[in-house]
Amino acid sequence: MGQISTDDPPGDAPENVAWTIMDAAQLYRLDDWGMGYFEISDAGNLVVRVGDRPEQRIDIHDVVCGLEERGIRTPVTIGFPALLKQRIVEMVNAFATAIKVNEYRGGYTGVYPIKVNQQRFLVEQVASIGAEVGFGLEVGSKPELLAVLGLTVDNPDCLIVCNGFKEERYLRHVMLATKLGRRIVAVIENMHELETLLRVFEGTGVRPLIGIRLKLESHSSGRWHHSTGAKAKFGLSIAGVLEVVRRLGRAGMLDCLVMLHCHMGSQISDIQVVNAGLTELTRIYVELSRLGAGLRFIDVGGGLGVDYDGSQTNSDFSTNYTLEEYATTVVYRVGSGCDEEGVPHPTIVTEAGRALVSHHSVLVCDVLGAHRFDQWAMTAVEARQRLSELPDPPRAIDEVVEALSSVREDRLLESYHDALQAREEALTLFRVGLLDLEMRALVDRLFWSACLEINRLAQDLDPIPEELEELQHRLSDTYFCNLSVFQSLPDSWAIDQVFPIMPIHRLDEEPDRRATLVDITCDSDGKIDRFVDLADVAPTLSLHSINAGEHYYLGFFLTGAYQETLGDLHNLFGDTNLVHIVGDDAGGWAIQEVVEGDTVSEVLGYLQYEPRILFQAIRRDCERSMRAGRLTVAEGRALLEAYDAGLTGYTYLE
Ligand code: PLP
């Protein structure tokens, strides 16, 4: 089996050693971040495991081709409800095991924070799976609450935790839901909210379930480390918590204070943070119980991380713990903290978001083309031949030809500096008008040819000098992807989040290129140059050459949390097509739901354009042009039809 090392370009694998799908799995670290949900089929396609039986595999490439046949184009977000269910069940099982092993005497209820991905179908699925396994929902705003109340009418036992800023109307909804018999907890963030809540519930005949959100002092980790500490945006200090307790005591409502809540930040990468936070939270829980609060839930918030890069470390894109270790840590800390003071074990509530929904969703886009530096490469002999055909070849070119022909293994850095210098001198001549455009193009080709040769030879150096390593990245290909990073992968742009990215087919073929990715927005930030890699995050990704006339599809994985719903309309690229795919009993797949992506009309409408008025304006323009003889009637009609079709079309390249 060919051994893949990222230090070697893919093309340098030992000869006569056949590439296998195992090499591909290793190259893209599939087993590290894929957690067994993804595999590569013998045909070299990426498949999703939706069950334990061998035939319960869905071939993602097959799905994309099937969708194309049905007119559902890429970019497309494909959701696999089976993966969602697996994640929820694994979470419930991990806590059940931890509870048993630690002889914990309280229960466990997870709630899914819908802000992580509010798509209706997804929330419906969570609610329906939740009804089976005892999982609830968390909301952080009034619109989210209204959505959840409407979706859970048949499941009044569904625990609903209400976070976020709450004015009177929000709290009225909580009160009405309480009247409807729902299990709904309003988590109080400040005294004003508490006073409003007490006013809203007064004289209604129902008593609220109240939670308080605590600002933990323990340090968090990762990008969201500021979620704890005195300057945290949300929650009450200890002094504030005591004020709430005293106020509820005066109102004779201490029994309503049922939940202590905290949130230690998202994507917690280090289990020690969970340990420290839980110890502090439990201490306060115990003390508040002693003060007479009717506490019975301890809500540890979200933060359970996802191992995006598969490294199992405490880097920002990974976690140094498993789901099982997380559950054990939470259960043990709460249980032992309560035991020390003889306080009954509460129901543990988690608000894990990304860990539940990241895996179930894959974004697939087609690659539109590639820019390759080697497409213009030439040898020094070819260059000399070209120059000899010119009547009066400029001398400046000689230096560049010389730089190319003098590239040698034992002086690679020097050769690179020679090439840089020769090119700079030629560019100076161009700027002052002593070199024409033809010669300028030739200089560029010679310079990049020298760089390509230097880069080829540098692969044998260990270590590769820093400048030549940078050159290697500069020489990588650029693959143009039919998507908007701002719409579909906003975290990649905003916080340099690394997502696993790999081809969804041709994995039985050895990748022969290294590339960065760019999207189709007119924004140079619309690029991806951080990839999961064996060693560390890499600036380029191993990909296949694009075959003429064939589609080349890339999958962007673990994108189910905080992406499409956070994305924006940069350049008016709208929501992608979204499908939910289920496996059928015969080993095939079926579409469960299609949510068509935005049309051009829709995105224009979001920004107050009226497509009908735009169309009328173009019609008037056509009529004017026809009268002026610039357009025939047939051309005018074709133009209007094209404009109309454009308005109803997909915002991405079709
Ligand atoms: N709960 C609260 C209060 C949050 O603010 C968040 C996200 O920041 C979550 C839960 C979900 O966090 P995560 O997706 O990291 O699990």
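Just follow the structure's listing: the first ligand is 1, and inside any ligand the first atom is 1.
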Under a 4.0 angstrom heavy-atom cut-off, which atoms of ligand 1 come close to [X]?
X      : answer
Tyr562 : 7 (C), 11 (C), 12 (O), 13 (P), 14 (O)
Gln267 : 15 (O)
Pro113 : 10 (C), 11 (C)
Gly303 : 12 (O), 13 (P), 15 (O), 16 (O)
Gly353 : 13 (P), 14 (O), 16 (O)
Glu351 : 1 (N), 2 (C), 3 (C), 9 (C), 10 (C), 11 (C), 16 (O)
Ala352 : 16 (O)

Aromatic ring pairing His580/His360, orientation class (parallel under 30°, perpendicular over 60°, tilted between):
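His580 vs His360 ring planes: parallel.
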Measure the acute angle between the ring planes of Phe38 and Trp33, then classify it against the limits of 30° and 60° as parallel, tilted or perpendicular.
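Taking Trp33 first and then Phe38, their aromatic rings sit tilted (interplane angle of 30° to 60°).
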Got a salt bridge between Asp339 and Arg105, using NZ or NE/NH1/NH2 to carboxylate O under 4.0 Å?
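The answer is yes: the pair qualifies as a salt bridge.
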Arg199/Glu195 salt bridge by N-O under 4.0 Å criterion
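Looking at Glu195 and Arg199, the cut-off is not met.
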Can Ser492 and Gln497 be counted as having a side-chain donor-acceptor contact under 3.5 angstrom?
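Short answer, no.
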Using distance alone, determine whether [X] and ligand 1 share an N or O pair under 3.5 Å.
X      : value
Asn163 : no
Val116 : no
Arg213 : no

Applying a heavy-atom cut-off of 4.0 Å, say which part of Met264 lies close to ligand 1: side chain, backbone, both or neither.
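For Met264, there is no contact with ligand 1 at all, from either part.
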Structural part of Lys115 in contact with ligand 1, heavy atom criterion under 4.0 angstrom:
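Only the side chain of Lys115 comes within reach of ligand 1.
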Side chains of residues 289-297: which donor-acceptor pairs under 3.5 Å do they make with residues two or more places apart or in other chains?
from: Ser289; atom 1: OG; to: Tyr285; atom 2: O; distance (Å): 2.9
from: Arg290; atom 1: NH1; to: Glu287; atom 2: OE2; distance (Å): 3.3
from: Arg290; atom 1: NH2; to: Glu341; atom 2: OE1; distance (Å): 2.2

Heavy-atom check, side chain of Arg49 versus side chain of Gln86, under 4.5 Å:
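A side-chain contact under 4.5 Å is absent here.
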Taking distance alone, no hydrogens or angles, what donor-acceptor pairs closer than 3.5 Å link side-chain atoms of residues 75-83 to residues at least two apart or in another chain?
from: Thr77; atom 1: OG1; to: Thr576; atom 2: OG1; distance (Å): 2.9

